[in-house]
Amino acid sequence: MTQTSSAPWPPSLWAATAPPGPVLQPVSGDETADVVVIGAGFTGLSTAIHLREMGVGVTVVEAVEPGWGASGRNNGQVIPTLAGHDPSGMTARHGEAGERFNAVLRDSAQYLFETVRKYDIPAEAEQAGWVQPVHSPGRFKIAEKRVREWSAIGAPVELLDRAATAKMLGSDAWFGGFWNPTGGHINPLALARGLAHAALRLGAVIRSRSPVQSYARVGDNWVVKTDKGTVTARALVLATNAYTGEFSDGLNRDIAREVIPVLSWQMATRPISDNIAKTIIPDRQAMSDTHRELYFARWDARNRLVTGGAAMVPGRDGDNLRPQLAARLKKLWPQLGDIEFDFVWSGYVGMTPDSLLKPQVAGFPRFHRLGPNGYAWAGCNGRAVALSVSLGRELAKITQGTPDSELGLPFSEPTPQPLQPIIRRIAPFALPLYRHLDAREI
């Protein structure tokens, strides 16, 4: 499948409120750089910033505009954990490399907010913390395990009993949980555009409206081909995640087939009055709970409650989800009364399930060598905001010769999913399984 680079922006809350992005030009003719990065999301832009801080020339090639993909469409929660695996799982899978990755992930939220402050990015950043409440008494043991494991490697996590959780969230719907004060939330499109501005100020080149058709190793260099020209570079970083196969089938078929792009919907309420807002997550933490069909919410800078979900049949522009999510919010916080959504939008989450027989278990992120000085990662599994900025730092270092033993990049070979095109179509129909499993756990 090849699509045009004139893809429209989703009509999201973030598109309506983020400061303008930079004015950019497409690839034209034959260009050169020391490093070429494909994809101007959080990872690609962070890689460019870190390379320029090292004095290395870099060109970022983007299919549409910075932040057009998942980086500019997500809920904006800054979460320093994985969705389905704790530190012990990554260590069991990758050994010492997994331990180094855990350290990168542990510090990722703090690093994101430090980056926002360092470059004075107007991203509506609130480092108010992230809380994961448990939706049933039986799931409290998950919170206990996560606090135990993350505490063991130095994360500032804290276990919450039911009363503390109710006080933090303004609802008695949950049975306890845990939280990490380094987390929080941002306007994700504002962050992506701010990272692009920062990279340009440092001297990076960013090319927009230039879908990459293919890349190849030619002699000692990588050559990236678009319809209007090429970029030749010594090193390459592929940072396209769930959108790897969306603009060209020839970009990297193995990675494109490794990822299951799952459509996730986001919704923002009308602004909530101050007297009601102060009773709902009064200290403005980001929240996502232990349901497999996640319940999540956070405030934006204009007192809108931003939530979302998935649906087997979302309807036109998510119309079928509106009443469902309005009822969910009202159940959690009855004081909201009748709820209307001003913005509804969607985008892909890059899922990398380890077993198609257990779709309810979120997979591990994947890191790959494409060849000499060529690198990629995929599989955010819904937790890329904090992680991707830190991974940009790690990827920048490895292109400049930093040894694996000093980096949190546990490499493996791509594992394409059999029948991936079919699986991505039927993935939403796993929702009844998620709901069944959530309901039977007590």
Do [X] and [Y] have side-chain heavy atoms sitting under 4.5 Å apart?
X: Met287; Y: Arg298; value: no
X: Glu31; Y: Thr230; value: no
X: Leu82; Y: Pro365; value: yes
X: Phe101; Y: Phe367; value: yes
X: Phe247; Y: Leu251; value: no

### Query
Does the cation-pi check pass for Arg369 over Trp377, that is, NZ or CZ under 6.0 Å from the six-membered ring centre and within 45° of its axis?
no
Are the charged groups of [X] and [Y] less than 4.0 angstrom apart, N to O?
X: Arg322; Y: Asp319; answer: yes
X: Glu394; Y: Arg100; answer: no
X: Asp249; Y: Arg257; answer: no
X: Glu62; Y: Arg207; answer: no

Applying the side-chain contact (heavy atoms from CB on, under 4.5 Å) criterion to [X], which one of [options] satisfies it?
X: Glu149; options: Asp86, Val157, Thr91; answer: Asp86
X: Val224; options: Ile38, Leu238, Thr232, Thr59; answer: Ile38
X: Tyr215; options: Val223, Val36, Leu370; answer: Leu370

[X] and [Y]: side-chain donor and acceptor closer than 3.5 Å?
X: Trp345; Y: Gln266; value: no
X: Trp150; Y: Thr81; value: no
X: Thr415; Y: Arg366; value: yes
X: Asn381; Y: Thr352; value: yes
X: Gln77; Y: Arg383; value: no
X: Thr399; Y: Asn373; value: no
X: Arg393; Y: Ser46; value: no
X: Gln110; Y: Gln127; value: yes
X: Trp130; Y: Ser288; value: yes

Polar side-chain atom of [X] near backbone of [Y] as donor-acceptor pair, under 3.5 Å:
X: Arg253; Y: Ala256; answer: no
X: Asn102; Y: Pro87; answer: yes
X: Ser208; Y: Glu65; answer: no
X: Arg284; Y: Asp300; answer: yes

### Task
Before giving the answer on side-chain hydrogen bond (donor to acceptor under 3.5 Å, both in side chains), spell out for Arg209 and Gln25 the whole-Å C-alpha distance, their side-chain angles and the decisive distance to 0.1 Å.
CA-CA 7 Å; Arg209 305 283 166 175; Gln25 299 300 318; over 6 Å; no
### Asn187/Leu13 under side-chain contact (heavy atoms from CB on, under 4.5 Å): CA gap, chis, key distance, verdict
CA-CA 9 Å; Asn187 178 324; Leu13 169 64; over 6 Å; no
### Task
For the pair Ile79 and Val385, evaluate side-chain contact (heavy atoms from CB on, under 4.5 Å) and give the outcome as yes or no after the intermediate values.
CA-CA 7 Å; Ile79 303 173; Val385 175; over 6 Å; no
### Message
Show, in sequence, the C-alpha distance, side-chain angles and deciding distance for Tyr295 and Leu329, and conclude whether the side-chain contact (heavy atoms from CB on, under 4.5 Å) test is met.
### Response
CA-CA 9 Å; Tyr295 289 30; Leu329 289 181; over 6 Å; no
### Message
Could you check whether Phe411 and His368 have their ring centres less than 6.0 Å apart?
### Response
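For His368 and Phe411, the ring centres are not under 6.0 Å apart.
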### Message
Are Tyr243 and Trp68 an aromatic pair, judged by ring center distance below 6.0 Å?
### Response
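Yes, the ring of Trp68 comes within the 6.0 Å limit of the ring of Tyr243, centre to centre.
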### Message
Can you tell me how the ring of Phe364 sits relative to the ring of His94, calling it parallel under 30°, perpendicular over 60° and tilted otherwise?
### Response
perpendicular
### Query
Yes or no on side-chain contact (heavy atoms from CB on, under 4.5 Å) for Val78 and Phe113, after CA distance, side-chain angles and deciding distance?
CA-CA 9 Å; Val78 182; Phe113 286 109; 3.8 Å; yes
